[in-house]
Structures are given as structure tokens and as C-alpha cells.
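For reference, the structure is listed below as C-alpha cells.
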Amino acid sequence: MSLRNTPERYGAVAQTFHWITLVLFVALYAAMELKGFWPKGDPVRDALGATHKALGVLMFAVAAARLGWRWFDAAPSDLAGMPAWQAKSAHGMHLALYAAMVLMPVSGLLATLMFGREVSVFGLFAIPGFAVPDKELAKTVIGAHELIANALYFVIGAHALAALWHHWMQKDDTLARMLPEQRSR
């Protein structure tokens with residue numbers, strides 16, 4: 001398999017970024033949703049919150065690298081034969097996903113820092129909170145963060161359903177382009 005994209009399919013680097021991003025989204029949502037099962041002040045709740053924030057910083061780093069790779073290595077252009085509305089929908093969906101990969105970690109990090117709290121990234125380093133917290137602005141930013149997160153449930157679900165629809169109903173290679181090539185025996 002080629003590291004770079006071809007006109008027909010995604011290369012190994014783009015595929016790796018795609019699936020790492022999915023794993024990070026699942027882990028981020030799981031940490032946040034599971035956190036609600038423990039009361040405030042519980043060490044498990046605090047650990048899940050810290051994990052969510054550290055994963056958010058990691059998501060931003062992965063998104064930056066992924067966007068850099070996308071700039072360097074254009075996506076496959078194999079949209080021939082696809083109706084214009086599907087091509088536009090796919091483009092819009094990808095823009096929404098990329099925007100979320102950047103806006104979610106930035107808004108979450110900013111809100112935390114605006115509350116005056118630091119963000120520890122898996123104990124490797126910490127990003128210090130703002131010296132002069134602005135809790136009202138932090139509440140507004142965290143509200144935007146939560147709004148984007150709720151919209152993202154829909155966007156991720158629609159993205160996955162579209163890929164499965166192409167695979168099972170259209171019987172085209174849209175989904176297969178993001179999977180490792182099958183070697184013949």
C-alpha cells in the first residue's frame with residue numbers, strides 16, 4: 001500500500017489519521033459521558049475529566065498533523081459518476097468534521113484555561129490556566145463547546161451512515177478507499 005493517496009484511494013498515512021481520529025472521538029466522548037456516573041469530587045470522575053482534556057489536546061495535535069498531511073497530499077478525486085449533490089454533501093461533511101477536530105479541542109482548552117485551571121497532558125506537561133480567570137466568558141465558551149459536541153454526534157453518525165450506504169446500497173468503493181487494501185492469496 002502506498003503511503004500517499006492515489007486518485008482512486010487513500011494512502012496509509014491518511015487512513016491512519018482517519019482511524020486514529022475515530023478512536024480519539026470515541027475515547028473523548030466515552031470519558032465525558034462516563035464522568036457523569038460519579039459525583040463531583042470523586043477521584044474517578046476527576047480522572048475521567050483529566051483524561052478527556054488530555055485527549056482533547058492530543059486530538060488537536062492529530063488534527064493539525066492531519067490537516068498538514070491533507071495540504072501536502074490531496075484527497076482522492078474519484079468522485080466521477082457521483083451525483084453533484086452527493087459530492088457536495090461529502091465535501092460539506094468533511095469540512096464539518098475538520099472544523100470540529102479543531103474547534104472542539106480549542107474551545108474546551110480555552111474554557112478550562114479561562115476558568116483558571118491548568119490542563120495536564122498525561123503528566124507529560126501542563127498548560128497553565130489564565131492568571132486572571134474570566135468565569136463568565138468561560139461558561140459561554142464551554143456552552144459553545146457542548147453545542148458543537150452535540151452537533152458532532154449527528155455529523156459523525158451521518159458520515160458513518162453515508163459510508164455504509166455507499167458500501168451496501170450503492171455497492172461502490174467509497175468505504176473501501178479508507179480501508180487497507182485486501183491482498184490476494
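Taking CD of E146 as the reference point, atom OG of S107 lies at 9.5 Å (rounded to 0.5 Å). Interatomic distance, L147 CG to L103 CG, rounded to the nearest 0.5 Å: 11.0 Å. Taken from CE in M32 to CG in L55, the straight-line distance is 10.5 Å, to the nearest 0.5 Å. Atoms NE2 and CE, on H18 and M178 in that order, are 4.5 Å from each other to the nearest 0.5 Å. Within the model, atoms CG of L109 and CE of M104 stand 12.5 Å from one another, a figure rounded to the nearest 0.5 Å. Expressed to the nearest 0.5 Å, how far CD1 of I142 lies from OG1 of T112 amounts to 5.5 Å.
Of all the heavy atoms in A14 and N5, the pair that sits closest is CB-OD1, 3.5 Å. Summarising the geometry of A54 relative to S120, their closest heavy-atom pair is CB-O, 3.7 Å, with the distance given to 0.1 Å. The two atoms that bring L24 and M59 nearest to each other are CB-CE, 3.6 Å, heavy atoms only. The nearest pair of heavy atoms linking A111 to A138 is O-CB, 3.6 Å. When all heavy atoms of P128 and E118 are compared, the closest pair comes out as CA-CB, 3.9 Å. Closest heavy-atom contact between G56 and P105: O-CB, 3.1 Å.
Taking hydrophobic clusters as Ile, Leu, Val, Met, Phe, Trp and Tyr residues chained together by side-chain heavy-atom distances below 4.5 Å, Y10 does not share a cluster with W69. I156 and V23 end up in different hydrophobic clusters when Ile, Leu, Val, Met, Phe, Trp and Tyr side chains are linked at under 4.5 Å. Criterion: ILVMFWY side-chain heavy atoms under 4.5 Å apart, direct or through other members. Under it, L97 and Y153 are part of a common hydrophobic cluster. M114 and I127 fall within the same hydrophobic cluster, defined by Ile, Leu, Val, Met, Phe, Trp and Tyr side-chain heavy atoms under 4.5 Å apart, directly or through other members. Side-chain heavy atoms closer than 4.5 Å link hydrophobic residues (I, L, V, M, F, W, Y) into clusters, and following such links, possibly through other members, connects V13 to L67.
Considering only heavy atoms from C-beta on, R9 comes within 4.5 Å of E181 through its side chain. Using a 4.5 Å cut-off on side-chain heavy atoms (C-beta onward), Q86 and W165 make contact. Within the 4.5 Å cutoff, side-chain heavy atoms of L179 are placed close to those of W19. Between Q15 and P180 there is a side-chain heavy-atom pair separated by less than 4.5 Å. Taking the side chain as every heavy atom from C-beta outward, D46 and D42 never approach each other to under 4.5 Å. With a 4.5 Å cut-off on side-chain heavy atoms, E8 and P76 do not count as touching. At least one side-chain heavy atom of F25 sits less than 4.5 Å from a side-chain heavy atom of L152. Looking at heavy atoms from C-beta onward, R70 lies out of side-chain contact with F17 at the 4.5 angstrom threshold.
Although no hydrogens or angles enter the test, the distance criterion places no donor-acceptor pair under 3.5 Å between the side chain of R117 and the main chain of F130. Between the D173 side chain and the A176 main chain, no donor and acceptor come within less than 3.5 Å of each other. Side chain of T6 to main chain of S2: no donor-acceptor pair is present (N/O by atom type, distance under 3.5 Å, no hydrogens or angles). Between the side chain of Y29 and the backbone N or O of A149 there is at least one donor-acceptor pair closer than 3.5 Å. H52 places a side-chain N or O within 3.5 Å of a backbone atom of L28 that can act as its donor or acceptor partner. At distances below 3.5 Å, not a single donor-acceptor pair connects side-chain atoms of H166 with backbone N or O atoms of D172. A donor-acceptor distance shorter than 3.5 angstrom exists from the side chain of K171 to the backbone of W168, with no hydrogens or angles considered.
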Inset, instruction - Dump the intermediate steps for side-chain contact (heavy atoms from CB on, under 4.5 Å) on F115 and K139, then the final yes or no. - result: CA-CA 8 Å; F115 277 118; K139 289 177 186 175; 4.0 Å; yes
Inset, instruction - Let me see the working for R66 and T21 under side-chain contact (heavy atoms from CB on, under 4.5 Å), right down to the final yes or no. - result: CA-CA 9 Å; R66 185 174 178 171; T21 301; 3.0 Å; yes
Inset, instruction - Just do the side-chain contact (heavy atoms from CB on, under 4.5 Å) check on L95 and H91 with the steps written out, would you? - result: CA-CA 6 Å; L95 285 177; H91 182 68; 3.6 Å; yes
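Y98 OH: more than 12 foreign heavy atoms inside a 6.0 Å radius. Around the NE2 atom of H94, the shell of radius 6.0 Å holds more than 12 heavy atoms that belong to other residues, nucleotides or ligands.
For the salt bridge (Lys or Arg N to Asp or Glu O under 4.0 Å) test, residues two or more places apart in sequence or in another chain that qualify with R4 are D73.
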